[in-house]
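Here it is, the structure in full.
For the single chain, residues carry numbers from 1 onward in sequence order.
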Amino acid sequence: MDTSWIDLRNGDPAYYNGCMKFIELAKETLIHGKTRCPCNKCKLNKWHSVEDVGGHILLNGFLKKYRKWVFHCRVDEGRNTFETPSDLGNAVGQDDMGGLLREAFGVDNSESDNESQDMHENEGLFDMHKEFNFHCEVNNELPSSNSSEEDVKYKRLREAADDGLYEGCTTFSKLSFILHLFHLKCMFHWSAESLTKLLELLIDAFQIKEFPSSYYEGKKIVNDLGLGYEKIDACPNNCILYWGVFAEKDECHVCHTSRWKTVKEKENNKGEKGKEICKKGEPAKVMRYFPLIPRLKRLYMSSKTAEDMRWHFVHEDDKILRHPSDGEAWKSFDKRYVEFAEDPRSVRLGLASDGFNPYRLMNTNYSTWPVILIPYNLPPWLCMKPSSFILSLLIPGKHSHGIDIDVYLQPLVHELKLLWEGVDAYDAHSGNKFKMRATLHSTINDFPAYAMLSGWSTRGYKACPTCAHDTSSYWFGGKMCYPGHRKWLPIDHPYRSQGHLFDGTNEYGIAPVPASGTDILEELDKVKYVYGQSKEKSKKNSKKRKRQQGETSHDEPDDGDGGEEEANRVIWKNKSLFFELEYWKHNPLRHNLDVMHIEKNVCDNVIATLLDMDKSRDDKQARQALEEKNIKSHLWPKSHPNRVNDYLPPAKYTMSTEEKERFLMVIEKLKVPDGYGSNFQRCVNMKQRKLINLKSHDNHILMQDLLPVALRASNATKVIDLIEELSDFFKKICSTTIHSDDLDNIQSKLILTLCEMEKEFTNILHNHGSSTNSSGG
């Protein structure tokens, strides 16, 4: 049959005639009045009436790969006769539940009731399916690896997928309908009780038989699809997990706290209060763990996803940075572990974690920490979509766990070790089994979480994990300040010898070299740390005792004779659990900083300083610090006979009342497209001359686009060019693509920008400089 009309444009008369001929053929193979739609949007995955299919292919175009119409007519070619697959006769609903179940359980897609077809027919069918690129592969060499329990689950779910929701229903099967309901529950945050009431109403209204009547019964059906989670009890003081060798213990061997909740026992029936006892059976703290290996296997059970997981291997290396695979860390890892890199199915994972309050009440003291894994094998337009994220851990707690988070990472690290050795998996794209291996590429988080996951103390004089012991810092104006950007300048740059323009000292140092993983492990051998919070009280007492004796604390400098001991002191808090992974010490990029948090902090500080808001970095204390260091005398506070308080001379960045009003007026009148940003009119407080209630995304678009434009439009300050250079850096570093040859130029411009800011602003503005150094160095 001639199918050349498929390549014609939609409005061509020959294309229209071809569509009509196809519709006439499709009428011969209708199932319950419907057929698969081969338009470019449905791609044979959805069922519609013939009239709707005709409209779809006329408007959306015909799927060009679908040349042999095995689903819509009988084609005789010699001895081969392709008929509509027998399992389609039982298909119910517009969702491909059969394909979902086959991929979920790893069932051979060629299994059907029609076993009379010979091997040549099956091979021909497989070739066609591969050409059409839909989820119906044939692989007679794949043995079923499911256990008897999984076989029972598969048969039970298959019956639910083949059974209509009610008598005569062709739109939904019982399985597809319950999955749609659970999807809506998750999207719109329905309670379990509300879903139960809805199920009861639907059963009464449509007389649905053998259908779950409660949320609990429906959840049992959904759980058969797999990908559940494990509840692991934990010590309330974060000392241990009751997992592995400690699974059967009733008491923490570190702090001797009971595993179970404490309840009050009543001594009699008169309501008198009794003593507190530990009631076995109700754990005091529970972590949810979502096993990683089954989830990675599920990615390869889908032929489409399995193909996408090879993108990092097949895409062209054109020196454009658009994906982690284009970076030097990825390529360096490939050179060291060649066998791992040769298989494009080897998985690279990113890890992200941050705390949040699930109750949406800021006055409620609670912090839940999810740990998210990102499969970097996927292309950039897929790997950062929420649907691609893998939730690994859900750690509860009233407070942040600090470096005790390693206690909760133990199950994940255990699975990462198994994945490094390799586990058996099935690749639906190639149709064979393989050894699936995986590695943790790096972590990405904000600066406090950096300390939790790396073990480095990101507070105090040595806060920068890249500069480490060479971090430039001093106490300035009541805050810790991190200057020293001149170290990254060329050795003959004039700024190095112009100390009077900066902090009063000339700079002769060079940019520090980050320590390797081997060097870090040597330092960590000196660190002894016991997990848990039972030692906090003794820690606080020891700190107070040290201060009373005039000794220095962890974050205080030692100006006495112990300088050599202070220089050799280890700043690491503990040894990260990730170092148990064989490859972690050889990973050149172990931890990344989230640019969103850095950008928000920088934007908040710049705006607060320009508008002289509450969080301004230019206050009397900062000006007095300049006088104490004998630098920038034109900014020292001056007394005035007509003023009660000292007079602070205006700096280049100081804005007058009129300039502030002009600037805020520009921001207030900005009209931006829907979805681009907030309504900035609500964020402007003209009475107090402030910007309030800015979200992270508002800071993002302000820093990159709106702030330089608004300052220049209002002619509000003399440091517009400097802020524009800072804005340009964030815009380039946040772009979707960066040419690798431009990185050195971006960094050199950033160094000059930071040096110029150190000249013009008070040094206290650089109390977030450690974050910038860590990302840039």
*So do I374 and F389 actually touch side chain to side chain, heavy atoms under 4.5 Å?*
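The answer is yes, as the side chains (C-beta and beyond) meet within the 4.5 Å cut-off.
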_Taking every non-hydrogen atom, the tightest pair across S454 and W572_ =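 Smallest heavy-atom distance, with atoms named: O-CZ3, 3.4 Å.
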*Can Y531 and I403 be said to form a side chain to side chain contact (heavy atoms under 4.5 Å, CB included), step by step?*
CA-CA 8 Å; Y531 293 107; I403 52 182; 5.6 Å; no
*Report the residues that fulfil salt bridge (charged side-chain N to carboxylate O under 4.0 Å, His left out) with K575, sequence neighbours left out, ordered by chain and then residue number.*
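Scan of K575 (salt bridge (charged side-chain N to carboxylate O under 4.0 Å, His left out), adjacent residues dropped) gives none.
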*Do N587 and L581 touch side chain to side chain, with heavy atoms closer than 4.5 Å?*
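No, their side chains stay 4.5 Å or more apart.
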*asked:* Can you list everything that forms a side chain to side chain contact (heavy atoms under 4.5 Å, CB included) with V666? Sequence neighbours excluded, please.
replied: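 For V666, the residues satisfying side chain to side chain contact (heavy atoms under 4.5 Å, CB included) (neighbours in sequence not counted) are A710, A713, S714.
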_Taking every non-hydrogen atom, the tightest pair across T654 and E659_ =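 Closest pair (atom of T654, atom of E659, distance): O-OE1, 3.9 Å.
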_For the backbone of N601 and the side chain of D604, can you confirm whether one donor and one acceptor N or O come within less than 3.5 Å of each other?_
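Looks like no, no N/O pair under 3.5 Å.
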*Stepwise, does the side chain to side chain contact (heavy atoms under 4.5 Å, CB included) test hold for F663 with L611?*
CA-CA 9 Å; F663 169 72; L611 296 178; 3.9 Å; yes
_Under the salt bridge (charged side-chain N to carboxylate O under 4.0 Å, His left out) test, residues paired with R712 that sit two or more places apart_ =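 Testing R712 for salt bridge (charged side-chain N to carboxylate O under 4.0 Å, His left out), a comparison that skips the adjacent residues, returns D721, E724.
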*Nearest 0.5 Å, what's the CD-OG distance between E599 and S727?*
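Reported to 0.5 Å precision, the distance equals 8.5 Å.
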_Which heavy atom of P490 sits nearest to which heavy atom of R496, and what is that distance?_
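Closest approach of P490 to R496, heavy atoms only: O-NE, 3.0 Å.
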*CD1 of I723 to CD of E760: how many Å apart, nearest 0.5 Å?*
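These two atoms lie 11.0 Å from each other.
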*Please report the C-alpha distance between L726 and M703 in whole Å, then the side-chain angles of each, then the deciding distance to 0.1 Å, and finally whether the side chain to side chain contact (heavy atoms under 4.5 Å, CB included) criterion is met.*
CA-CA 8 Å; L726 188 64; M703 194 69 237; 3.9 Å; yes
*Report yes if some heavy atom in the side chain of Y482 is under 4.5 Å from a heavy atom in the side chain of C464; otherwise report no.*
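Y482 does not reach C464 side chain to side chain.
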*Using side chain to side chain contact (heavy atoms under 4.5 Å, CB included) as the criterion, list what pairs up with P649, not counting sequence neighbours.*
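For P649, the residues satisfying side chain to side chain contact (heavy atoms under 4.5 Å, CB included) (neighbours in sequence not counted) are R623, K638, Y647.
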*Name the one of K759, R486, K629 that satisfies salt bridge (charged side-chain N to carboxylate O under 4.0 Å, His left out) with D503?*
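Of all the options given, the one that passes is R486.
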*Minimum heavy-atom distance L691-L694, with the two atoms named*: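 Where L691 meets L694 most closely, the heavy atoms are CB-CD1, 4.2 Å.
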*Straight-line distance of L752 CG to H485 NE2, nearest 0.5 Å*: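 Here the rounded value is 12.0 Å.
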*Provide the full list of salt bridge (Lys or Arg N to Asp or Glu O under 4.0 Å) pairs with a residue in residues 579-596, sequence neighbours left out, each pair given once.*
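Passing the test, one end in residues 579-596: K417-E580.
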*Is there a side-chain contact between D406 and F578, using heavy atoms and a 4.5 Å cut-off?*
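Not touching, per the 4.5 Å side-chain cut-off.
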*Measure across K652 and V719 and return the closest heavy-atom pair with its distance rounded to 0.1 Å.*
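In this case the closest contact between K652 and V719 is CB-CG1, 4.1 Å.
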*Considering residues at least two apart in sequence or located in another chain, which fulfil the side chain to side chain contact (heavy atoms under 4.5 Å, CB included) criterion with K695?*
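Checked K695 against side chain to side chain contact (heavy atoms under 4.5 Å, CB included); matches are D698.
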*Using the test ring pair (Phe, Tyr, Trp, His ring centres under 6.0 Å), find all partners of F730 that sit at least two apart in sequence or belong to another chain.*
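With neighbours one apart ignored, the set is empty.
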*Taking the six-membered ring for Trp, are H441 and W330 parallel (under 30°), tilted (30 to 60°) or perpendicular (over 60°)?*
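Plane angle between 30° and 60°, so tilted.
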*Hey, could you give me the CZ/OG distance between F356 and S367, rounded to the nearest 0.5 Å?*
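Rounded to the nearest 0.5 Å, the CZ-OG separation comes out at 8.5 Å.
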*Sequence-distant partners of D728, salt bridge (charged side-chain N to carboxylate O under 4.0 Å, His left out), two or more places apart*: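 Residues passing salt bridge (charged side-chain N to carboxylate O under 4.0 Å, His left out) with D728: K732.
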In residues 509-519, what donor-acceptor pairs under 3.5 Å come from side-chain atoms, sequence neighbours left out?
unit_1 : atom_1 : unit_2 : atom_2 : d
S516   : OG     : D519   : N      : 3.4
S516   : OG     : D519   : OD2    : 3.1

*Rounded to the nearest 0.5 Å, what separation is found between the CG atom of L722 and the OH atom of Y653?*
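Those atoms lie 12.0 Å apart.
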_Does D646 form a side chain to side chain contact (heavy atoms under 4.5 Å, CB included) with W636? I'd like the steps, not just the answer._
CA-CA 10 Å; D646 289 342; W636 294 356; over 6 Å; no
*Just by distance, do the side chain of S457 and the backbone of K573 share a donor-acceptor pair under 3.5 Å?*
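Absent.
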*Counterpart residues, salt bridge (charged side-chain N to carboxylate O under 4.0 Å, His left out), relative to K749 (two or more places apart)*: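 Applying salt bridge (charged side-chain N to carboxylate O under 4.0 Å, His left out) to K749 gives none.
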*Is any side-chain heavy atom of L610 closer than 4.5 Å to a side-chain heavy atom of L711?*
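The answer is yes, as the side chains (C-beta and beyond) meet within the 4.5 Å cut-off.
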_Can you tell me how far apart CG (N574) and CZ (F579) are? Round to the nearest 0.5 Å._
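Taking CG in N574 and CZ in F579, the distance rounds to 10.5 Å.
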*asked:* On a heavy-atom basis, which atom in S497 and which in N506 lie closest, and how many Å separate them?
replied: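 So the minimum-distance heavy-atom pair works out to O-OD1, 3.1 Å.
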_Note, I667 side chain near L702 side chain (heavy atom, < 4.5 Å)_ =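 Result yes, sub-4.5 Å side-chain heavy-atom pair found.
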*Side-chain heavy atoms of D612 within contact of D618, under 4.5 Å*: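 No. Closest side-chain heavy atoms not under 4.5 Å.
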*Of F447, W584, W456, which is the lone residue that meets ring pair (Phe, Tyr, Trp, His ring centres under 6.0 Å) with H591?*
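Considering F447, W584, W456, a ring pair (Phe, Tyr, Trp, His ring centres under 6.0 Å) with H591 is found only for W584.
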*State which residues pass side chain to side chain contact (heavy atoms under 4.5 Å, CB included) with S353; sequence neighbours excluded, sorted by chain then number.*
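Per chain and number, S353 pairs via side chain to side chain contact (heavy atoms under 4.5 Å, CB included) with W369, V371, I405.
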*Side chains of C755 and L489: closer than 4.5 Å at any heavy-atom pair?*
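Result yes, sub-4.5 Å side-chain heavy-atom pair found.
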*With sequence neighbours left out, which residue pairs that include part of residues 494-513 fulfil the ring-ring contact (aromatic ring centres under 6.0 Å, His included) condition?*
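For residues 494-513: H493-Y495, Y495-F502.
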